[in-house]
**Q** 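This structure is in structure tokens; I'll ask about it shortly.
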Amino acid sequence: MTAIATLGSHCALQVLKGAKDEGFNTILVCEKKREKLYRRFGFIDELILVDSFNEITNQQCVSKLKNEEAIIIPHGTLISQMSSAEIESISIPIFGNKWILRWESDRNMKEKLMLESKLNVPRSLSSPKEISGLSIAKRHGAAGGKGYFLTTSEKDYKRKRDKLIAKGIIKGDSDLYLQEYAFGVSAYLQYFYSPVKNEIEFFGVDRRYESDIDGLGRIPAQQQIEIDGIPSFNVVGNSPLVLRESLLDEVYSMGERFVDAAKRLVAPGMTGPFCLEGVYDENGRFTTFEFSARIVAGTNLYVDGSPYSDLLYNEPMSMGRRIAREIKNATNENQLSKVIT
Ligand code: AMP
């Protein structure tokens with residue numbers, strides 16, 4: 001039986017619990033400092049202890065994973081800790097399309113794929129000179145919202161950028177991507193696409209709780225004005241959400257357009273979990289400012305299934321378990337090559 005492996009962070013517990021529930025051996029590549037935490041969970045069969053996650057490409061780690069016939073489940077930590085080139089060079093099979101992770105990390109490629117999917121995307125600004133209304137400056141890659149800031153003019157942008165440079169968070173303009181700020185209520189739409197069934201499943205929706213920006217609403221406007229710091233969008237957790245049922249049809253259409261566009265632009269396409277991230281306006285129109293081309297941590301809410309996965313499965317189905325189920329189905333139908341790269 002194949003083993004399922006992942007890095008010890010982000011959604012590792014949910015992924016390995018789901019893998020165990022589906023009968024796989026489970027392996028965690030674990031930083032030594034987190035060993036105590038992960039030893040608490042009986043569904044993790046083996047820990048490969050490392051000083052840092054990029055040791056996953058070391059000969060010793062690779063041969064251990066190969067011996068166990070492991071498949072790696074990529075998540076946000078893999079993307080934030082390793083370059084696209086490093087991820088692409090991993091010789092262990094990766095669940096999903098490892099080539100699409102580059103499209104997630106590179107803001108320009110990301111925008112291209114979202115536009116190809118005919119999603120409603122906020123305008124990106126090629127220079128701070130173009131800032132006219134409320135805009136957001138974002139870092140590349142899966143930075144988790146750290147070091148992002150809102151700005152309304154070139155002058156204000158430069159002041160905030162220089163503060164982040166002084167703190168060592170960014171090096172300069174090339175670390176930032178500017179986009180118009182999209183107003184509305186945020187929603188992070190979680191999907192799974194199965195190349196085995198050739199079907200898309202809407203799995204759940206969450207909201208992110210981001211510090212400091214979500215804490216600001218607790219402070220009266222007078223005190224907000226007096227704060228000199230730059231509020232960040234650093235995710236600290238997620239809360240559940242269900243959508244008006246009338247929005248669901250378009251949710252499926254957006255997911256399908258994304259899957260079709262990914263097939264055209266980055267073979268073999270969008271395999272497995274992904275997330276479209278954005279805001280709904282007063283008319284229920286969704287603006288997508290971001291996507292994740294792999295499991296998102298917001299799915300940790302639904303270890304026991306979500307209001308949407310419950311409509312599709314008569315058993316508790318987390319995203320982690322759904323991944324393991326796909327690997328099992330693909331193996332049984334001799335189609336494993338369709339779900340790994
Ligand atoms: P991201 O890394 O793009 O997911 O952005 C992190 C957070 O910044 C999001 O969860 C949103 O709260 C916020 N954000 C990013 N882009 C936009 C945008 N264009 N309009 C409004 N909020 C945004």
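Side-chain atoms are counted along with the backbone in the values below, which use heavy atoms only and exclude waters and symmetry mates. When a ligand or atom number is given, it counts from 1 through the structure's own listing order. When a residue number appears, it is its place in the shown sequence, counting from 1.
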**Q** Among residues at least two apart in sequence or on other chains, which ones pass side-chain contact (heavy atoms from CB on, under 4.5 Å) with A5?
**A** I27, L65, A70
**Q** Under a 3.5 Å cutoff, is there a donor and acceptor pairing between the side chains of Q14 and Y302?
**A** no
**Q** Between V339 and F95, which heavy-atom pair has the shortest distance, and what is it?
**A** O-CD1, 3.4 Å
**Q** Closer than 4.0 Å to some heavy atom of K138 - which atoms of ligand 1 meet that?
**A** 3 (O), 15 (C), 16 (N)
**Q** If you measure from each non-hydrogen atom of Y181 to ligand 1, which part falls under 4.0 Å: side chain, backbone, both or neither?
**A** both
**Q** Quick one: look at Y209 and ligand 1, take heavy-atom pairs under 4.0 Å, and tell me if it's side chain, backbone, both or neither.
**A** neither
**Q** Consider only side-chain N and O atoms of T151 and D156, and report whether a donor and an acceptor are under 3.5 Å apart.
**A** yes
**Q** Answer with yes or no whether E180 contacts ligand 1, where contact means a heavy atom under 4.0 Å from a ligand atom.
**A** yes
**Q** Atoms of ligand 1 less than 4.0 Å from E277 heavy atoms?
**A** 4 (O)
**Q** Quick check on contacts: which atoms of ligand 1 are under 4.0 angstrom from a heavy atom of Y188?
**A** 9 (C), 10 (O), 11 (C), 12 (O)
**Q** Check P122 against ligand 1 and report side chain, backbone, both or neither, counting heavy atoms closer than 4.0 Å.
**A** side chain
**Q** What is the minimum heavy-atom distance between S91 and K66, and which atoms define it?
**A** OG-NZ, 3.4 Å
**Q** Give the numbers and elements of all ligand 1 atoms closer than 4.0 Å to a heavy atom of R208.
**A** 4 (O)
**Q** Can S186 be said to touch ligand 1, with heavy atoms closer than 4.0 Å?
**A** no
**Q** Between Y193 and G269 (side chain of the first, backbone of the second, donor and acceptor by atom type, cut-off under 3.5 Å), is there such a pair?
**A** no
**Q** If I compare all heavy atoms of Y188 with all of F289, which pair ends up nearest, and what's the gap?
**A** OH-CZ, 3.8 Å
**Q** Considering Y148, F291, F289, which one's heavy-atom position lies nearest to atom 23 (C) of ligand 1?
**A** F289
**Q** When you measure from the heavy atoms of F183 to every atom of ligand 1, does any distance fall below 4.0 Å?
**A** no
**Q** Can you find an N/O atom of A182 closer than 3.5 Å to an N/O atom of ligand 1?
**A** yes
**Q** Applying the salt bridge (charged side-chain N to carboxylate O under 4.0 Å, His left out) criterion to R322, which one of E199, E315, E201, E22 satisfies it?
**A** E201
